[in-house]
Amino acid sequence: MPSDRAPLSLKIAAGAGLLFLHLPILLIFVYAFTTEDKSYQWPPPGLTLKWFAVTWNRPDVWAALRLSLQVAAISTAVALVLGTLCAAAVSRAHFFGRETVSLLVILPIALPGVVTGIALRSVFHIAEIPFSFWTIVLGHATFCVVVVYNNAVARFRRTSGSLIEASMDLGADSFQTLRHVLLPNIATALLAGGMLAFALSFDEVIVTTFTAGQQQTLPIWMLEELVRPRQRPVTNVVAMVVVLVTLLPILGAYYLTRGTDAVAGQGK
Amino acid sequence: MSAVSFDGVSRHFGPVRAVDAVSLDIAEGEFFAMLGPSGSGKTTCLRLIAGFERPSAGVIRLFGAAVQDQPPYRRPVNTVFQDYALFPHLNVRDNVAYGLMIAGQNRADRHRAADEALEMVRLSGYGARKPSALSGGQRQRVALARALVMKPRVLLLDEPLGALDLKLREQMQDELKTLQRQLGITFIFVTHDQGEALSMADRVAVFNEGRILQTGTPETVYFRPDVPFVADFVGSSNILPAPLVARLTGTHAAAALRPEALRIADAGPLRATVTALSFLGTATRVVLEAEGTRLTALLAKGAPRPAPGDTVALAWDAGDLHLMAGA
Amino acid sequence: MSAVSFDGVSRHFGPVRAVDAVSLDIAEGEFFAMLGPSGSGKTTCLRLIAGFERPSAGVIRLFGAAVQDQPPYRRPVNTVFQDYALFPHLNVRDNVAYGLMIAGQNRADRHRAADEALEMVRLSGYGARKPSALSGGQRQRVALARALVMKPRVLLLDEPLGALDLKLREQMQDELKTLQRQLGITFIFVTHDQGEALSMADRVAVFNEGRILQTGTPETVYFRPDVPFVADFVGSSNILPAPLVARLTGTHAAAALRPEALRIADAGPLRATVTALSFLGTATRVVLEAEGTRLTALLAKGAPRPAPGDTVALAWDAGDLHLMAGA
Amino acid sequence: GTATAQMSEIGEGEGALSIVAWAGYIESGETDADFDWVSAFQDKTGCMVSVKTANTSDEMVALMNEGGFDLVTASGDASLRMIAGNRVQPINIDLIPSWSKVDDRLKDAPWHTVDGVHYGVPYMWGPNVLMYDTEVFPEAPKSWDVVFKQMDLPDGASNAGRVQAYDGPIHIADAANYLMYHDPDLGITDPYELTQPQYDAALDLLRGQRELVSRYWHDAFIQIDDFKNEGMVASGSWPFQVNLLEADGVPVASTIPEEGATGWADTTMLHAEAEHPNCAYMWMEHTLSSNLQSDLSVWFGAVPSVPEACTDGSGMQTAEGCTANGLDDFDKIKFWKTPVANCASQEECVPYYRWVSDYIGVIGGR
Amino acid sequence: MMRAFSDTLWRRPRLTIALLLAPPLIWLGVVYLGALAALLAQSFFSIDHFTGQVNRDLTLATYAELLRASNLDIILRTVTMAALVTLASAVIAFPIAWYAARHARGRWKALFYLGVMMPLWSSYLVKVYSWKLILAREGILTWGAEKLHLAWALNGWLALPVVGGNSLSVSATGTFVVFVYVWLPYMILPVQAALERVPPSMLEASGDLGAKPFQTLRHVLLPLAMPGVVAGSIFTFSLTLGDYIIPGIIGSSRRFIGQAVYEQQGVAGNTPLAAAFAMVPILIMAAYLWAAKKQGAFNAL
Ligand SMILES: Nc1ncnc2c1ncn2[C@@H]1O[C@H](COP(=O)(O)OP(=O)(O)OP(=O)(O)O)[C@@H](O)[C@H]1O
Ligand SMILES: Nc1ncnc2c1ncn2[C@@H]1O[C@H](COP(=O)(O)OP(=O)(O)OP(=O)(O)O)[C@@H](O)[C@H]1O
Ligand SMILES: [Mg+2]
Ligand SMILES: [Mg+2]
């Protein structure tokens, strides 16, 4: 531990960086209350709460929100299963091609979203799969796997392999070990990974534009609204709500994974 | 019938021969130590017995029955892991009761058994704590209780004292020994600390590079090593090269001579120069050089001390010079 | 003039008094050991000298000059870190040459100096390797070379041998001692292993809870501990409680009695029951119980050995019973 | 393309209808409650309308090629491509009673009639106007050169950075139209039929324009934003944007300068594999209803395809309104059509796909 | 039953692995890689330029079209932008990551972590959108510049060729700023992770050997943080290469690869050309990932 006092220049640089990250988001919050609904007039001429009521009464917002929640929930479930299986296999053994598997999992986010999107779209086209709720889910689950995988792999790595051996040593077979030792130990990591996957899916727009037919997820709705606004403050209100809503899973994920090193990696 | 027997057992990891054609018999009720440097295959041997590894070749028998195709949960052995491997999500009592729960015992019974086991390792009252709230020595004892509660016929311990500090270690050594005597279970434990092996075990197997070099009582391996490696590893012996031994005794073979057997005398068969002295508390260690061979002598308290640079004569009792087979 | 002197130096971390009003003088050319249990403040003391910590109070002088306001890179001391802290992205030669590069020496000169330093620690030919391709002992020597190449006036070593195994440790102990004698530099090293401190140092300071309990030569702290803590920590002494000592000698004070000073005799001032025996190679350790006090005796090879359960008489030379000030 | 069999009768509605349309074409009252020509239709027929907005003709073609839609409001630069690609089917005008009311000038227009077969129902038409800021231009600009040539505007500042152009390859025709007037030596007779030298000249003009334009518009609403927030003062545009901006109180107006203008005439066309053909026919009939045409022409600032909608008072439109929107300018307008290699007026013309890639190059600064 | 199955799994560890891997491999290996293969195949098709329909005979014509100067401009422009964005993100991320890794403790550390996570996960569109509010000619930045009497600097910058424009929201500078903003958290987190893995004693050792803080930064810290920077740059680079929304909303109308892919496919219906365009980021990222793997950056992801 070096002397903890940070040089002033570092404090300024770090603080400025954080401000840079946050001010634009706060701005949306302010605009959600503006009385001016035509242009981006700054500073806002007045503040009002009426846009919240207007938003509340917009059925298209609710429809898009419902779809987004459904897509995110199902994609997260699929990603949880696939990501956990993959992490279990990868952390279990030094089998041939283990690196390749990690690469494969990372690929859908390491490659640009348009690539993933257009690739899936062309497959749907070739296989004559019509666009539907499930094509959206397919795309989302593909890139959500990696978040679950990363969380699970990290936890598996920290969960000492001898825990599993200890359980089998005490008479538990593979399934009993899974149920009584493995799952309780990786549960928080899975929950955290799942929450991040949920947030990722909830916010996705680029891949979705390729894999959604006529369906509007909330981000797609927002994109439409940004490009051709009907009531700009409604978009602002939705934007603010989206920020606040995605914040919750993130907070949850943070508190779940925080300080778990001590719990899962004890003994060393 | 042996508790554990290995018949030409090997375990290879690709090119690494972790365990290489080992044959071994451990009697029931024995306190058996596996001693050897890092990477010599001790842990792998233990894991083969427990069933965490499968042999590449050979037969492993537990009480006469070949077990190499049986998974760990079917073997009558239990293990105390080097890192304890306590389940972090369970409290101490549930950790100890885990095996009984799996075996289907009801809650009351298994908790009673767990509490008894905890009492045996002198941890009554700690049942409700999480493992993370225990000190290293306490965790070690929970791991022990968790294994013992299963009433195994063989208990495996992998460097059970490795992570403990000196004081605690000495105390646990005594406790383990007492416990083993009380229960009459076969204990097999792995260590790379020769002091620990010598002071605790009934018999010691010395490993190197996947093979067993010598098996015997602590006195045998200490005083009558078969090969220089054992002499060197079990206590820091002086190894006299074969030509020197030939001149001194007429037999052409390397010989081991324990530092505490070397005396600085007025006259003796060997003359040496003192190069360094160090105070060890209980004794003084003298480093000497005699005809190109580096020798160490331990001088008991009260013996006259030479100064660095002095030339002295060295003597020993003929019986202390142990001739060895290997070069 | 002292090489290092502490005058009432404290370093507090919130409520933790890591170093508490320590005063200390270390002479030039001395081999000085800081000994103490985990958490007693040894490392913090060393870090105060190096400049990685700043004292909460007190004055630190290096060769007479107060340095507590100087950053590490301005102090004429260098450190060998416990974890070696070799730069993983640089090869061994560049690691050793790092300080010289920072000092602006040209490439050829600094490489020559680095090679010389590597030769001094007997690692010639390893210059092109990455630290990750070295064994623990080799890394340790690279760390040493990296510090020595800077020609510091004081060299600080934090548990330099902690991570090494027994054999390598003994070898490095000799090497360090030889090196220090050759170079004449002040060495200050931290350890919690009393054997190491006693065998290597000219003088030892025994720490506990941020304070120095005793400073003196190894013989002094070993044979004439000021307080029971020192007696207990520096070798595992038997501590006789004051009432017992009062009965035996007439003086009411606790006393230390080294295990190797205890003899099992036909008659003696104390009777005891043997509870355990263990073979240590060089000697046999006997655990005894006498009037509620647990005692340990070390029997040299050849001495008659009692069996567990025997009642024996204990004797010692009057001069070996060391009365202490503390309770 | 070969004509597939036409429908012979209209059956029961399928309950749904999906339409690809230009922004602002199919309003259901969400933008402005007064403009709604969907709800009543849905109530009457039970066909629930969903609309996919397309921003360019190319996007419309792509969407129709992909399938899944019933109808499209195609402009002339897209309609023939879809007919050639068999993406749309012939229309049986006998099933559309209001066909007789359609403007005669549109009934057999070449952008939807091939070999006498009708491939759709005219929706509406209009010019691509020059929109300008009335505070900067006290009088309407006389020429398109305010968006093509670097100059100082009446307010004294340069036009650089303050004008926009359409972000679609068809904008090359606007340049050709400008050159047709100002550079007769080039011999341009039809801005959609350009020989290589004529085409090169048009591209050169556009390269000059690139220096003036900091951002091209391809979405009507983004252009509206840009006039509000980015200080834009002149651009080729649609009456739609002009109307919305005027309604918001932004000082703009529009004009057709001396060079004339390009324009569009849109046709509602039926997808070859439409899943809801009955609803589609009902919708086509509905689009020709006088009051829809009337409201639509007000909303979009365009000219109805059914002339009586201007005068019969069934909607908000008036005769003056129709005139203002260009009812009488039909002949001045060069309607969008797809440039093809074997063109009528020249020996060989530069085909559309070259327009596409070259225009991307021009925008990229090449 | 379960026990017997469990015995089999124990005896055949490879079978266990195979069973575990089968579902994810089918999903990712078959569906996803299959999709990429289909994309590759598409790039060898061509399109009928008049009807816009795909002709499935294999041809290199689409690649010839891809290599046209205007398309090469797009590729070059995008790669340059991605490189600059990556560089700038690294520079801005470093102090934040450093402070969070080394100086923030307890409550502050949590705050820093959330401070980075929140923008990372909050809606991408919201963020882009808010920048439109900031950068517009009538937006906040202009307003602020005027209040601070810095309008001259802003206008001076906008007058520059290439990077400038009528306002920040229609300039390449604007695109750049928004890219940096949106991808910055993707850089901070891996760099922070890499920095946290640098043992403090490494820095002390450097200081001990005479290095001043800046020298330590340059000779020890930066080299050791490199794997983190590389890991972060995988994201910043890849995301910039593929994004089409940001340059569509903020920028000078000059196309980027992402827009080209999107427009060729969705607007122009030229799927073969879109596929060929998509191959460009795939190839670039393949090379990048390969290099990153050699750097050991995967462990920092
Ligand atoms: N799963 C494995 N894969 C490959 N090599 C292995 C594996 N397990 C052990 N080894 C190798 O086998 C050899 C023996 O290892 P083992 O763990 O048995 O040594 P050990 O005697 O217990 O050493 P230590 O005292 O360091 O624990 C070593 O070289 C080790 O690297
Ligand atoms: N940066 C710090 N913040 C808070 N407490 C500290 C810090 N550094 C040291 N301490 C505390 O100060 C006390 C002394 O620590 P120090 O590291 O000096 O002990 P030590 O004698 O070197 O022990 P060890 O043998 O375990 O290394 C300990 O209680 C430790 O927890
Ligand atoms: Mg081992
Ligand atoms: Mg320490």
Side-chain angles (χ1 to χ4, degrees), chain D residues 1 54-66 78 80-87 160-165 167-169 210-219 222 225-226 228-232 338-341 351-366, chain E residues 46-54 65-66 68-78 132-133 135-139 142 155 158-159 161-162 164-172 174-175 247-256 259-260 262-271 273-274:
Chain D
N55 292 315
T56 64
S57 290
D58 295 327
E59 190 174 352
M60 283 190 173
V61 174
L63 286 170
M64 290 297 279
N65 278 340
E66 217 164 66
L80 290 179
R81 293 158 66 195
M82 289 189 270
I83 294 169
N86 290 327
R87 286 295 92 198
R162 297 204 288 161
V163 297
Q164 282 191 326
D167 190 357
R210 165 81 262 199
E211 307 296 320
L212 307 177
V213 172
S214 47
R215 183 177 181 82
Y216 290 75
W217 72 274
H218 68 251
D219 185 295
I222 290 190
D225 260 355
D226 289 343
K228 283 183 190 166
N229 296 310
E230 296 286 357
M232 292 302 145
T338 308
V340 292
Y352 185 63
Y353 78 90
R354 295 262 318 277
W355 288 41
V356 176
S357 49
D358 288 335
Y359 195 58
I360 288 179
V362 167
I363 292 180
R366 187 166 278 277
Chain E
S46 59
I47 186 170
D48 181 317
H49 283 293
F50 186 63
T51 63
Q53 286 172 348
V54 174
E65 204 177 326
L66 179 67
R68 229 201 294 269
S70 59
N71 291 341
L72 287 180
D73 281 352
I74 293 177
I75 293 171
L76 193 69
R77 180 181 307 130
T78 312
K132 192 158 167 63
L133 306 185
L135 297 178
R137 184 163 195 86
E138 325 266 283
T142 316
N155 292 331
L158 288 174
V162 185
N166 185 45
S167 81
L168 279 173
S169 79
V170 298
S171 67
T175 320
I249 293 181
I250 290 161
S252 64
S253 291
R254 292 184 177 87
R255 302 295 198 267
F256 286 79
Q259 287 172 294
Y262 177 75
E263 286 176 10
Q264 291 298 347
Q265 193 275 336
V267 179
N270 191 345
T271 311
L273 185 55

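Residue numbering restarts at 1 for every chain, and letters A, B, ... go by the order of the sequence lines. No hydrogens, no waters, no symmetry mates; every other heavy atom, side chains included, goes into these values.
Side-chain atoms of S214(D) do not come within 3.5 Å of backbone N or O of V170(E) as any donor-acceptor pair. Distance alone, capped at 3.5 Å, is enough to place a donor-acceptor pair between the R77(E) side chain and the G364(D) backbone.
Here the side chains of N229(D) and K132(E) are not in contact, with every heavy-atom distance at 4.5 Å or above. Residues I360(D) and I74(E) are in side-chain contact: their nearest non-hydrogen atoms beyond the backbone lie under 4.5 Å apart.
Annotation for G251(E) and R215(D): closest pair O-NH1, 2.5 Å, computed over non-hydrogen atoms. The two residues R255(E) and D167(D) have their closest heavy-atom pair at NH2-OD1, 2.8 Å.
Contacts of R354(D) with chain E are absent, with no heavy-atom separation under 4.5 Å from either backbone or side chain. No part of M64(D) comes within reach of chain E, as not one of its non-hydrogen atoms sits under 4.5 angstrom from that chain. In this structure, no portion of D358(D) lies under 4.5 Å from any heavy atom of chain E. Looking at L168(E), neither its backbone nor its side chain comes within 4.5 Å of chain D, counting heavy atoms on both sides. For S169(E), the parts lying near chain D are the backbone and the side chain together; criterion is any non-hydrogen pair under 4.5 Å.
Remark: S70(E) OG to R366(D) CZ distance equals 7.5 Å, nearest 0.5 Å. Interatomic distance, OG of S253(E) versus CZ of R210(D), reported as 6.0 Å (0.5 Å rounding). Summarising the geometry, atom CZ belonging to R68(E) is positioned 4.0 Å from atom OG belonging to S357(D); distances are rounded to the nearest 0.5 Å.
Interface check for chain D: of the options L158(E), T142(E), I249(E), the most heavy-atom pairs under 4.5 Å are formed by I249(E). Between chain E and the options E230(D), R162(D), H218(D), the largest number of non-hydrogen pairs under 4.5 Å is found for E230(D).
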